[in-house]
Amino acid sequence: MPNAKLQNYFHLHFIVFIWGFTAVLGELITIEALPLVWYRMLIASGFIWVYIYFKKISLVVSRKLFFTLFLAGAIIALHWITFFAAIKVSNVSITLAMMSTGAFFTSILEPIFYKRKLIWYELLFGALVITGLYIIFDVEGDYSLGIMYALCSAFLSAVFSIINGKMARQYNPSMISLYELLSGVGVVTMYLIGITLFGNETEGFNTSFFQLSTSDWIYILILASVCTAYAFIGSVKVMKYLSPYTVMLTINLEPVYGILLAFMIFGNSEKMSPQFYYGALIILSTVILNGIFKNAKKRKRPSTLDNITK
């Protein structure tokens with residue numbers, strides 16, 4: 001149905017727009033990355049559990065699957081922690097530009113996980129990504145810590161997408177997401193308990209940890225409900241109507257939406273040098289070209305993994 005396909009295409013763009021807004025919320029929320037991720041995952045898992053309850057989705061899993069989901073949950077927690085840490089020490093534009101390298105990391109890791117040879121154009125695109133990164137590092141040296149955090153986040157996102165790509169073909173995505181979010185909350189909680197017992201008294205679970213401003217509560221609820229639970233469930237729905245190639249290329253617009261939103265909301269603090277945008281454009285163009293090449297190859301032979309990430 002053409003109308004259904006068009007409606008879901010616009011819905012996907014709306015979801016990607018929401019994902020771009022995630023970085024803006026990370027800047028608006030005043031608490032540090034670690035408690036921010038703890039609140040996000042805990043509240044989002046609550047919303048997804050409600051969805052699973054009403055949809056009567058089974059939560060029975062094998063022991064092997066549980067440990068795989070636990071590992072994936074720990075990885076996504078670290079991904080979000082480094083993502084928001086990058087925003088806190090640099091800005092939204094730097095973080096989202098670096099996050100564009102996630103598809104590049106996936107193309108490098110995929111041959112390792114699936115034991116296949118590197119393809120020539122992946123090596124070429126890798127060199128182009130490195131060129132873009134060099135340009136950004138050269139002109140934005142003051143943000144070097146934020147760049148490193150964001151690159152770590154992009155790498156973790158690639159690892160997560162590869163692990164999740166295998167499971168999503170066999171199991172219910174909502175069930176997978178719930179276990180991963182709860183596992184992430186569990187890992188972060190154990191770390192915070194350790195800090196509370198053996199670390200600095202001003203860190204970990206203390207009175208100030210649970211004393212959030214009204215604006216922080218509002219932003220975190222939006223982040224957990226709209227940008228996490230709703231966006232995830234919505235993205236699963238649109239994938240039933242759109243090709244993986246269309247989904248992947250549209251998701252690559254997330255940095256564009258996020259950077260434009262950040263510039264509109266935060267103004268000059270998000271304004272970067274022209275060289276930064278040249279470097280970011282090289283990285284984003286490389287990601288899109290990589291998708292085009294992979295799609296052309298897929299028409300001749302099915303790929304081992306549809307490269308779709310959150």
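What you see below is based on every heavy atom in this structure, not just the backbone, and it leaves out hydrogens, waters and symmetry mates.
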Peer 1: Determine yes or no for a side-chain-to-main-chain donor-acceptor pair under 3.5 angstrom, with Thr82 supplying the side chain and Leu78 the backbone.
Peer 2: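 Checking the backbone N and O of Leu78 against the side chain of Thr82, a donor-acceptor pair under 3.5 Å is found.
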Peer 1: Hydrophobic clustering (ILVMFWY, side-chain heavy atoms < 4.5 Å, transitive) - are Leu25 and Ile218 grouped together?
Peer 2: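 Linked within one cluster.
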Peer 1: Take atom CZ in Phe105; do more than 12 heavy atoms of anything else shown fall under 6.0 Å from it?
Peer 2: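 Yes, enclosed.
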Peer 1: Does Ser45 use its side chain to pair, donor to acceptor, with the backbone of Leu42 at less than 3.5 Å?
Peer 2: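 Here the side-chain-to-backbone pair exists.
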Peer 1: Treat each ILVMFWY residue as a node, draw an edge where side-chain heavy atoms are under 4.5 Å apart, and state whether Leu221 and Val37 are in one component.
Peer 2: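 Cluster IDs for Leu221 and Val37 match.
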Peer 1: Please find out if less than 6.0 Å separates the ring center of Trp80 from that of Phe84.
Peer 2: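 Centroid distance Trp80-Phe84: not below 6.0 Å, so no.
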Peer 1: Does the plane of the ring in His13 sit parallel, tilted or perpendicular to the ring in Tyr9? Use 30° and 60° as the thresholds.
Peer 2: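 Perpendicular.
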Peer 1: Any non-hydrogen side-chain atom of Tyr230 less than 4.5 Å from a side-chain atom of Tyr51?
Peer 2: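 Tyr230 vs Tyr51: side chains apart.
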Peer 1: With a 4.5 Å cut-off on side-chain heavy atoms, are Ile43 and Ser225 touching?
Peer 2: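 When only atoms from C-beta onward are counted, Ile43 and Ser225 do not touch, as no gap falls below 4.5 Å.
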Peer 1: Please check if atom OH in Tyr277 has more than 12 non-hydrogen atoms from other residues, nucleotides or ligands closer than 6.0 Å.
Peer 2: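 Counting neighbours around OH of Tyr277, more than 12 heavy atoms of other residues, nucleotides or ligands fall under 6.0 Å, so yes.
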Peer 1: For Phe209, does the CZ atom have more than 12 heavy-atom neighbours from other residues, nucleotides or ligands under 6.0 Å away?
Peer 2: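 Count over threshold, so yes.
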Peer 1: At their closest point, which heavy atom of Glu180 faces which heavy atom of Ala72, and how far apart are they?
Peer 2: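 Taking Glu180 first and Ala72 second, the nearest heavy atoms are OE2-CB, 3.4 Å.
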Peer 1: If you draw a 6.0 Å radius around CZ in Phe10, do more than 12 non-hydrogen atoms from other residues or ligands fall strictly inside?
Peer 2: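 No, because the 6.0 Å sphere around CZ of Phe10 holds 12 heavy atoms or fewer from other groups.
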Peer 1: For Gly26, is there any backbone N or O sitting under 3.5 Å from a side-chain donor or acceptor partner on Lys88?
Peer 2: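 Pair found, side chain donor or acceptor close to backbone of Gly26.
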Peer 1: Taking Met148 as the starting point, is it possible to reach Val129 by hopping between hydrophobic residues whose side chains are less than 4.5 Å apart?
Peer 2: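 Linked, Val129 and Met148 end up in one cluster.
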Peer 1: Is any side-chain heavy atom of Leu151 closer than 4.5 Å to a side-chain heavy atom of Leu133?
Peer 2: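 They are in contact (side-chain heavy atoms under 4.5 Å apart), so the answer is yes.
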Peer 1: Counting only heavy atoms from other residues, nucleotides and ligands, does the tally under 6.0 Å from OH of Tyr179 exceed 12?
Peer 2: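 Atom OH in Tyr179 is packed in, count exceeds 12.
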Peer 1: I'd like to know if the side chain of Thr22 and the backbone of Trp19 have a donor-acceptor N/O pair within less than 3.5 Å.
Peer 2: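 Yes.
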Peer 1: Regarding Ser93 and Asn91, is there a side-chain donor-to-acceptor distance under 3.5 Å anywhere?
Peer 2: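 Judged by distance alone, the side chains do not pair up.
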Peer 1: With side chains defined as the heavy atoms from C-beta onward, is the minimum distance between Thr214 and Trp217 less than 4.5 Å?
Peer 2: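 Contact flag for Thr214/Trp217 side chains = no.
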Peer 1: Is there a path of hydrophobic side-chain contacts, each under 4.5 Å between heavy atoms of I, L, V, M, F, W or Y residues, that connects Phe67 with Val187?
Peer 2: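 Phe67 and Val187: separate clusters.
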Peer 1: Might you work through the side-chain contact (heavy atoms from CB on, under 4.5 Å) test for Phe83 and Leu96, ending with a clear yes or no?
Peer 2: CA-CA 9 Å; Phe83 174 76; Leu96 290 179; 4.2 Å; yes
Peer 1: Angle class for the Phe210/Phe205 ring planes (parallel below 30°, perpendicular above 60°, tilted otherwise)?
Peer 2: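 Parallel, since the angle between the ring planes stays under 30°.
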Peer 1: Measure from the side-chain N and O atoms of Ser153 to the backbone N and O of Tyr149, and report whether any donor-acceptor pair falls under 3.5 Å.
Peer 2: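 Between the backbone of Tyr149 and the side chain of Ser153 there is no qualifying donor-acceptor contact (under 3.5 Å).
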Peer 1: Side-chain contact, heavy-atom cut-off 4.5 Å: Ile57 with Leu178?
Peer 2: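 No; the side chains remain at least 4.5 Å from each other.
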Peer 1: Would you mind reporting whether Asn8 and Leu12 have side-chain heavy atoms less than 4.5 Å apart?
Peer 2: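 Leu12 does not reach Asn8 side chain to side chain.
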Peer 1: Taking the side chain as everything from C-beta on, heavy atoms only, tell me whether Asp216 gets closer than 4.5 Å to Tyr39.
Peer 2: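 A side-chain contact under 4.5 Å is absent here.
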Peer 1: Mark yes or no for whether Thr228, through its side chain, and Leu223, through its backbone, hold a donor-acceptor pair below 3.5 Å.
Peer 2: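 Such a contact is found between Thr228 side chain and Leu223 backbone.
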Peer 1: Are Val24 and Tyr257 side-chain neighbours, meaning at least one heavy-atom pair lies under 4.5 Å?
Peer 2: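 Heavy-atom side-chain distance check fails, nothing below 4.5 Å.
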Peer 1: Between atom OG1 of Thr131 and atom CD1 of Ile136, what is the distance when rounded to the nearest 0.5 Å?
Peer 2: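 Rounded to the nearest 0.5 Å, the OG1-CD1 separation comes to 11.0 Å.
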Peer 1: Do Ile130 and Ile94 land in one hydrophobic cluster if side-chain heavy atoms of ILVMFWY residues count as linked below 4.5 Å?
Peer 2: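 Ile130 and Ile94: separate clusters.
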